[in-house]
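The chains referred to below are lettered A, B, ... by the order of the sequence lines, with proteins before strands, and numbering in each begins at 1. Since this is a predicted model, take the numbers as computed values, not measurements.
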Amino acid sequence: MDSNTNLKPTQRLDESLLSHIPAFSRLQKAQLREVLDQATCKRYDAGVAVFDEGAQADRFYMLLDGVIEVMRIGPLGERVISLHIPPGQLFGIAKALGHVTYPASAITTVESIGLSWPTILWDEYVAKYEGFATESYKTVGARVNEMNAHIMELATLHVEQRIANALLRLTNQAGHKVATGIEINFPLTRQDLSDMTGTTLHTVSRLLSAWQRVGLVTSKRKRITICRPHQLVELSQAKPSY
DNA sequence: ACATTAATTATGT
DNA sequence: ACATAATTAATGT
């Protein structure tokens, strides 16, 4: 019932869209053309699901523009954001991990544009294109590392440090320089931050307020900019307890 | 050192 | 006007 379903059979997308992303970096121009012709391009409104946890993983995706939150939902509605996908990254690649359904949901945080392919093509690409497998598994590996680091943070660090780390990670992938510092390039609520750090929006709100008072950050609704990245890095480090 | 509850205010459509 | 976001204080574990 919403009008964002303008599925377009990939009309003349340029090969340069793919040539810079790792998984396709080793392909020839003709091969890129072939891959692109099999892709579907779609636009998504902000806040809609690209796919849902548990659904048949019939396609895999690449984000061209926008931001995707990869999240799971607890027994009663509590969101856990496990990952943010910046443009140029593959996501929904359940097939690469041997899954038949998506292990998490992918939600757009802003209006986004994505390419997608039928999952069957994954195996074909792996077999056919030199470097597709190795390169894409590299990025999968990097993502696993990120998540591992995140788990360590959740388990060992204090709330203040976790939130600092979350903000730093976000600035690394979506940071945009502005006059007063580095702004995070997409709408981010306290709720979102708390969902990434396993705390509550209230605690996040209090902390941000405190940091704002000290001039470390500034924030409007859904927009956070870091004024003193260096101080934030310090806060993100665990303090020795003796 | 943090969550929870609840009341209050600000902000975007 | 309405819903969603953010702040703040009080209270609980």
Side-chain angles (χ1 to χ4, degrees), chain A residues 1-6 43-50 52-53 65-86 104-113 147 149-171 173-176 178-229 231-242:
Chain A
M1 199 150 292
D2 57 24
S3 56
N4 84 323
T5 353
N6 42 352
R43 189 195 76 84
Y44 303 88
D45 282 327
V48 306
V50 176
D52 289 298
E53 175 178 352
D65 190 34
V67 183
I68 301 285
E69 279 178 357
V70 175
M71 66 154 77
R72 306 194 46 178
I73 311 281
L76 208 126
E78 58 272 48
R79 306 185 305 162
V80 178
I81 298 175
S82 60
L83 199 54
H84 280 259
I85 309 284
S105 304
I107 315 288
T108 59
T109 66
V110 295
E111 176 178 346
S112 302
I113 300 173
M147 289 169 129
H150 193 193
I151 289 173
M152 279 301 286
E153 286 171 20
L154 287 177
T156 65
L157 298 186
H158 290 171
V159 166
E160 186 178 53
Q161 304 163 344
R162 281 185 258 155
I163 295 175
N165 272 289
L167 281 177
L168 287 173
R169 258 199 308 279
L170 290 173
T171 53
Q173 29 172 277
H176 171 253
V178 298
T180 54
I182 304 175
E183 183 187 40
I184 291 169
N185 209 17
F186 60 89
L188 185 71
T189 64
R190 327 278 163 186
Q191 173 87 51
D192 288 331
L193 263 176
S194 64
D195 289 341
M196 308 180 209
T197 53
T199 52
T200 65
L201 71 157
H202 312 270
T203 301
V204 173
S205 177
R206 275 190 290 268
L207 250 180
L208 285 182
S209 298
W211 287 349
Q212 180 136 315
R213 256 170 247 132
V214 180
L216 213 162
V217 304
T218 64
S219 60
K220 310 177 193 303
R221 134 185 293 234
K222 290 189 176 186
R223 294 283 161 181
I224 299 176
T225 83
I226 316 292
C227 306
R228 307 256 222 302
Q231 275 186 32
L232 199 59
V233 172
E234 303 226 324
L235 282 178
S236 72
Q237 244 61 43
K239 295 178 191 171
S241 52
Y242 54 97

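Side-chain contact between A:Glu183 and A:Ile224 is absent, with no heavy-atom pair separated by less than 4.5 Å.
Between the side chains of A:Gln191 and A:Asp195, at least one donor-acceptor pair of N or O atoms lies under 3.5 Å. A donor and an acceptor atom, one from each side chain of A:Ser219 and A:Arg190, are located under 3.5 Å apart.
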Look for any protein N or O under 3.5 Å of an N or O in nucleotides 1-4 of chain C and output each such pair with its distance, or none.
from: C:dT4; atom 1: O2; to: A:Arg221; atom 2: NH2; distance (Å): 3.0

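Contact check on A:Asp192 versus A:Arg79 returns a salt bridge, with a Lys/Arg side-chain nitrogen under 4.0 Å from an Asp/Glu carboxylate oxygen. Ion pair A:Arg72/A:Glu53 flagged as a salt bridge, since at least one NZ, NE, NH1 or NH2 atom sits closer than 4.0 Å to an Asp/Glu carboxylate oxygen. The residues A:Glu234 and A:Arg228 are annotated as not salt-bridged, no charged nitrogen and carboxylate oxygen being separated by less than 4.0 angstrom.
Spacing between atom NZ of A:Lys220 and atom C1' of C:dT7 amounts to 17 Å, rounded to whole angstrom units. C:dA6 atom P lies 12 Å from atom CG of A:Asp195, rounded to whole Å. The distance between atom CD1 of A:Ile163 and atom P of C:dA6, rounded to the nearest whole Å, is 13 Å. When rounded to the nearest whole Å, the span between CD of A:Glu78 and P of B:dA3 equals 14 Å. Rounded to whole angstrom, the span from the CZ atom of A:Arg190 across to the C1' atom of C:dT7 amounts to 9 Å.
If you take CH2 on A:Trp211 and CD on A:Glu160, they are separated by 5.5 Å, rounding to the nearest 0.5 Å.
Against DNA chain B, the stretch residues 196-214 of chain A makes heavy-atom approaches under 4.0 Å through A:Gly198, A:Thr199, A:Thr200, A:His202, A:Thr203, A:Arg206.
Looking at A:Ser236, its side chain never comes within 3.5 Å of a backbone N or O of A:Ala164 through a donor-acceptor pair.
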